[in-house]
Amino acid sequence: MYDHKTIEPKWQDRWAKARAAEVDLGRAADKYYMLMMFPYPSGDRLHVGHGRNYILGDALYRYLRQQGRRALNPMGWDAFGLPAENAAIKRGVHPQDWTLSNIAVMKEQFKKWGILYDWSKEVTSCLPDYYRWNQWIFLRMLESGHAYKKKAPVNWCPSCQTVLANEQVVDGASERCGTMVEQRDLEQWFYRITAFAERLLAGLDTLTGWPEKVKVMQRNWIGRSEGAEIDFRLPGIGESITVFTTRPDTIHGATFLVLAPEHPLAARLFAEHPDREALAAWVEQVRSTPRIEREGENSPKVGKDTGAVAINPATGEEIPVWLANYVLPDYGSGAIMAVPAHDTRDFLFARQENLPIRAVYRREDTPADTAEWTEALIGNGTVTGVDARFDGSPEGKPTIRAFIDWMAGEGWGRAKVTYRLRDWLISRQRYWGTPIPIVYCASCGLVPVPDSELPVRLPYDVEFTGREGNPLSRNADFVNTVCPRCGGPGRRETDTMDTFMDSSWYYLRYLSPKDGARIFDPELAARWAPVDQYIGGIEHAILHLLYARFLCRVLHDQGLVPFEEPFKNLFNQGMITRFSEASGRIEKMSKSRGNTVSPDELIAEMGADTERVYTLFLGPPEDEVEWSDEAVSGAYRFLNRLWRAFEALDNAPGTGVADAELERQRHIAIKRVTADLDRFKFNTAVAALMEFQNAITRALEEKSASRLVVGEAIDTLCQLLHPFAPHITEEIWSQRGHTESLLETEWPKWDEAKLVRDRIEVVVQVDGKLRDRFEIAADATETEAKAAALASDNVARHLEGRVLVKAVYVKGRLINLVTRPA
RNA sequence: GCGAAAGUGGCGGAAUUGGUAUACGCGCUAGACUUAGGAUCUAGUCCCGAGGAAUCGGGUUGGGGGUUCGAGUCCCCCCUUUCGCACCA
């Protein structure tokens with residue numbers, strides 16, 4: 001039996017001693033920068049579901065090493081965040097103590113997995129050495145106008161006790177805790193990511209090494225929309241309202257305006273209305289409605305007439321102005337022109353409220369449910385104003401362009417592009433994060449902390465009560481300070497930064513983690529970044545990966561990095577699922593669902609190599625796969641068979657008759673595993689290695705191959721298997737008498753000439769159906785193959801009563817005899 | 001509703017260009033070793049039928065049609081599942 005309990009720690013210690021993963025960034029001739037998502041200590045330890053990311057990465061790393069590439073493979077800790085703070089409240093542990101002890105545990109887990117990280121590049125985001133640079137970036141953003149504070153309706157999570165960015169709200173609920181968020185008007189810090197919308201969009205087209213799926217998600221999230229702004233005069237209050245539309249060509253059919261109830265002009269519009277108090281109350285009600293309820297699929301459209309009118313600039317007619325919940329305050333200008341004849345939502349609303357409908361086009365790709373109506377209305381004369389000039393251009397685009405030009409000439413409309421993307425809300429009302437470096441001074445106002453006073457340290461002594469409000473704001477020593485500008489009394493900002501800030505640039509800090517003078521070394525960044533290969537889960541598609549792309553552009557504009565895209569190639573590993581007793585369903589493996597498997601127990605029982613091989617064998621790495629407790633033993637048996645084959649080598653000399661065939665198998669294995677690893681097909685690479693191992697065992701049992709050839713086969717198997725099962729392969733390799741670590745050996749090469757056989761099996765089909773097979777010389781001609789096929793009894797039986805029409809010969813594979821009835 | 005990906009044994013899944021469907025593993029069955037085994041090893045295992053057996057015949061990649069000597073793979077229609085978007089003007 002393979003004694004993994006002794007062997008694995010032995011090799012882990014040796015690798016640690018040799019500091020096997022360390023790269024001298026200044027000297028390495030070759031450069032390849034790979035990265036895995038850095039762990040977030042939301043629990044106190046990692047489970048086998050997490051392992052997929054890191055085991056995959058380590059396998060890739062070891063493969064690259066054997067190919068002679070000394071890749072940079074660093075790891076760090078995304079250590080700030082709510083889970084630690086919540087744990088502090090729940091268990092009475094300080095978040096810092098909790099986090100740092102979790103890090104120690106996880107680091108030990110990585111070691112037990114046999115994962116080689118370059119720990120000389122380690123970063124920990126909750127330490128001032130790191131987070132001071134978050135503050136430094138904040139100050140640069142403030143200088144360039146990319147950071148600002150404003151009062152706005154924001155997402156408040158009552159469970160997390162803080163606001164959240166739009167990206168962190170999924171289906172109306174907090175992405176982290178699942179609680180429904182509320183809308184609150186609060187003054188908050190934002191990063192102006194919207195200013196980069198166009199560049200973020202354009203960059204996606206250059207990311208050929210990213211999964212299409214992630215790019216689509218980012219494009220949707222940015223939500224670029226081309227159209228026009230149109231001004232409508234409001235004669236009642238002497239103002240005008242600007243609407244955004246993608247269909248300015250339908251303006252002749254705009255029979256009313258609809259404003260979001262939150263629109264700044266709303267109150268003035270219904271100021272003279274007899275029911276103005278009821279209207280104001282309704283506006284308040286809409287404002288506090290959770291987004292999900294308001295924007296949900298079946299949410300009813302509710303609207304109120306303000307009593308005011310606007311002038312349609314194209315027709316000169318007075319049209320009513322309404323407020324309705326289906327118009328959103330933060331998209332476009334928060335106001336629309338309603339064209340019920342050509343827009344489904346406007347149509348439904350017009351019909352519900354008995355508002356006029358006027359068609360502009362007869363033939364058009366009008367929404368299906370309004371087209372019929374439009375036709376009917378035109379038919380009975382209810383609808384007027386079909387303009388022959390614009391009727392009948394289904395292409396739309398040239399007409400729209402012409403319209404915008406016309407409106408621009410008239411002076412009340414212009415081309416406009418809007419985005420769905422909102423600015424990134426970065427302030428959080430929580431303790432465990434980077435303090436925002438701002439001081440409020442009674443005489444100077446809002447004063448940034450100068451660079452020389454960074455870092456603004458997060459105080460350790462803070463009271464955790466779980467009560468509403470940031471514990472930082474109750475810490476007088478932190479809050480009370482002096483104004484950096486006038487020296488008078490000041491109060492510190494007590495909001496901390498979104499922890500996604502930490503992960504948005506960490507890949508650069510890895511390159512000079514101890515630099516006390518600079519955020520990172522720009523020369524090393526230019527040389528090593530962007531990251532060549534990033535491996536992480538799909539869940540970060542519009543969170544981390546969007547923020548990191550944004551921040552990369554900010555740093556680029558500061559002249560700190562020469563590139564705009566941080567990650568050249570992205571691989572999304574799928575998640576691992578397992579049956580959960582609690583829900584009775586198969587779900588993502590997670591601590592909260594209680595369906596995790598501990599790697600520590602698994603490693604104690606069957607070894608880290610077993611877990612690694614099984615994790616990679618489980619299924620295609622990009623797919624979601626279900627963990628099976630039973631199937632793990634298959635990987636364990638495989639490694640044990642390898643070990644027994646190695647042990648059997650000494651006392652089982654063979655005849656050598658199968659030497660050529662085993663040698664051929666060896667070359668096949670090299671070719672298959674190499675091709676599979678190059679395509680990230682780890683699961684089929686393992687399968688190929690199992691087949692090769694079976695061939696070796698067979699040769700040993702049959703005593704058909706010579707000791708030398710079997711020994712070489714085992715050596716090659718060790719080299720090929722090393723990325724998957726590093727410990728057992730190192731052990732066998734060294735016991736075989738090799739002195740170098742497998743990490744330093746050269747990845748084996750295959751010889752095409754060795755793959756061919758002199759005799760091959762050819763399949764005979766009659767009319768496409770398999771009837772027989774025979775062996776023939778590999779270079780046999782069609783005539784020879786046909787003769788051999790016809791010599792078969794079974795083939796003859798099927799040719800009976802039929803006439804041979806032709807034969808199709810695929811060299812080295814099959815011959816198909818085509819017949820017709822006699 | 002729109003967009004994308006996928007559907008193969010009891011299960012996870014293989015199958016570069018159209019060329020032996022079901023590799024590899026789990027599970028299952030039988031046997032060996034054993035005081036015992038939920039350990040280990042060996043053999044068998046897509047389904048149906050015939051045969052004592054080696055074998056032989058038929059069927060099979062969600063369903064239906066097509067192209068082709070030949071289709072899991074290409075084309076058309078339909079069904080299902082998963083993911084993304086969804087009152088975005």
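Chain letters run A, B, ... following the sequence lines, proteins first, then strands; residues in each count from 1.
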Going by purine N1 to pyrimidine N3 plus the second Watson-Crick contact, or the G-U wobble pair, all under 3.5 Å, which nucleotide sits opposite B:U35?
none
Is A:Asn683 near enough to B:C24 that one of its side-chain N or O atoms lies under 4.0 angstrom from OP1 or OP2?
no
Side-chain N or O of A:His798 closer than 4.0 Å to phosphate OP1/OP2 of B:C56:
no
Using the C1' atom as the point on both nucleotides, what is the distance between B:U29 and B:C46, in whole Å?
16 Å
Mind checking A:Asp346 for me? I need base, sugar-phosphate or nothing, with any heavy atom below 4.0 Å counting as a touch.
nothing
Just call it for A:Arg641: base, sugar-phosphate, or nothing, with non-hydrogen atoms closer than 4.0 Å on any strand.
sugar-phosphate
Does A:Asn794 reach a base, just sugar-phosphate, or nothing at all? Heavy atoms under 4.0 Å.
sugar-phosphate
Rounded distance in Å - CD (A:Glu624) to C1' (B:G12):
13 Å
Complementary nucleotide of B:G70, counting Watson-Crick and G-U pairs under 3.5 Å
none
Taking the six-membered ring for Trp, are A:Tyr614 and A:Trp627 closer than 6.0 Å centroid to centroid?
yes
Classify the nucleic acid contact of A:Asn694 as base, sugar-phosphate or nothing, counting any heavy atom under 4.0 Å across all strands shown.
sugar-phosphate
Just checking A:Leu814: base, sugar-phosphate only, or nothing, at a heavy-atom cut-off of under 4.0 Å?
base
Remember a base hit wins even if backbone is also touched, and classify A:Lys681 as base, sugar-phosphate or nothing at under 4.0 Å, heavy atoms.
sugar-phosphate
Mind checking what makes salt bridge (charged side-chain N to carboxylate O under 4.0 Å, His left out) contact with A:Arg797, not counting sequence neighbours?
none
Looking at B:A53, which nucleotide sits across from it as a Watson-Crick or G-U wobble partner, both distances under 3.5 angstrom, or is there none?
none
Over how many whole Å does the gap from A:Tyr809 atom OH to B:G18 atom P extend?
20 Å
Which part of the nucleic acid does A:Val810 contact within heavy-atom distance under 4.0 Å: base, sugar-phosphate only, or nothing?
base
Work out how far the P atom of B:G65 is from that of B:A15, and round it to whole angstrom.
29 Å
Rounded P spacing from B:G64 to B:A71 in Å:
15 Å
Here the distance between atom P of B:A4 and atom CG of A:Asn572, to the nearest Å, is 19 Å
Would B:G64 be called syn or anti here, given the cut-off of 90° from 0?
anti
In whole Å, what separates the C1' atom of B:C24 from that of B:G38?
24 Å
Nearest heavy-atom approach of A:Arg578 to A:Asp629 is NH2-OD2, 2.9 Å
Quick one: A:Ile668 CD1 to B:C24 P, roughly how many Å, whole number?
13 Å
Using only side-chain N and O atoms of A:Thr684, determine if any of them is under 4.0 Å from OP1 or OP2 of B:C24.
no
Atom CZ of A:Arg247 and atom P of B:C87: how far apart are they, to the nearest Å?
20 Å
Look at all strands and tell whether A:Arg771 reaches a base, only sugar-phosphate, or nothing, counting heavy atoms closer than 4.0 Å.
sugar-phosphate
Applying a 4.0 Å non-hydrogen cut-off, can you work out what A:Lys769 is touching in the nucleic acid: base, sugar-phosphate, or nothing?
sugar-phosphate
Exactly one of A:Val243, A:Asp343, A:Asp346, A:Ile241 should register a side chain to side chain contact (heavy atoms under 4.5 Å, CB included) with A:Met337. Which one does?
A:Val243
So A:Arg637, base contact, sugar-phosphate only, or nothing? Heavy-atom distance under 4.0 Å.
sugar-phosphate
Return the nucleotide paired to B:C28: Watson-Crick means purine N1 to pyrimidine N3 with N6-O4 or O6-N4, wobble means G-U with N1-O2 and O6-N3, both under 3.5 Å.
B:G44
Write down the atom of A:Tyr331, the atom of A:Gly223, and the distance for their closest heavy-atom approach.
OH-O, 4.5 Å
Could you please name the partner base of B:A23, counting Watson-Crick and G-U wobble pairs only when both distances are under 3.5 Å?
none
Compare side-chain N and O positions of A:Arg644 against OP1 and OP2 of B:C41 and report whether any pair is under 4.0 Å apart.
yes
Between P on B:A14 and CZ on A:Phe692, what's the gap in Å once rounded to a whole number?
23 Å
Using both distances under 3.5 Å as the test, list the Watson-Crick or G-U wobble partner of B:C83, or none.
B:G3
Has A:Lys304 got its NZ or CZ under 6.0 Å from the middle of the six-membered ring of A:Trp322, at an angle within 45 degrees of the ring axis?
no
Base, sugar-phosphate, or nothing for A:Ala687, non-hydrogen atoms under 4.0 angstrom?
base
Heavy atoms only, 4.0 Å cut-off, all strands: where does A:Glu701 land among base, sugar-phosphate and nothing?
sugar-phosphate
Minimum heavy-atom separation for A:Ile542 and A:Glu167, please, with both atom names.
O-CG, 3.3 Å
So, is the end of the A:Lys301 side chain (NZ or CZ) under 6.0 Å from the ring centre of A:Phe349 and within 45° of the ring's axis?
no
Is B:U60 paired to anything, Watson-Crick or G-U wobble with both distances less than 3.5 Å, and if yes, which nucleotide?
none
So for A:Asn816 and B:C69, does any side-chain atom that can act as donor or acceptor lie under 3.5 Å from a complementary atom in the base?
yes
Need one value for A:Val818: base, sugar-phosphate or nothing, where a base atom within 4.0 Å counts as base even if backbone is also close, heavy atoms only.
sugar-phosphate
Closer to the 5' end of RNA chain B via nearest nucleotide, is it A:Val686 or A:Thr697?
A:Val686
How is A:Glu212 classified with respect to the nucleic acid when contacts are heavy atoms under 4.0 Å: base, sugar-phosphate, or nothing?
nothing
When you measure from the side chain of A:Ser704 to the backbone N and O of A:Leu700, does any donor-acceptor pair fall under 3.5 Å?
no
From NZ of A:Lys588 over to P of B:C83, roughly how many Å is that when rounded to an integer?
13 Å
Output the rounded distance in Å from CZ (A:Arg813) to C1' (B:G19).
6 Å
Same-atom distance (P) from B:U68 to B:G58, integer angstrom
24 Å
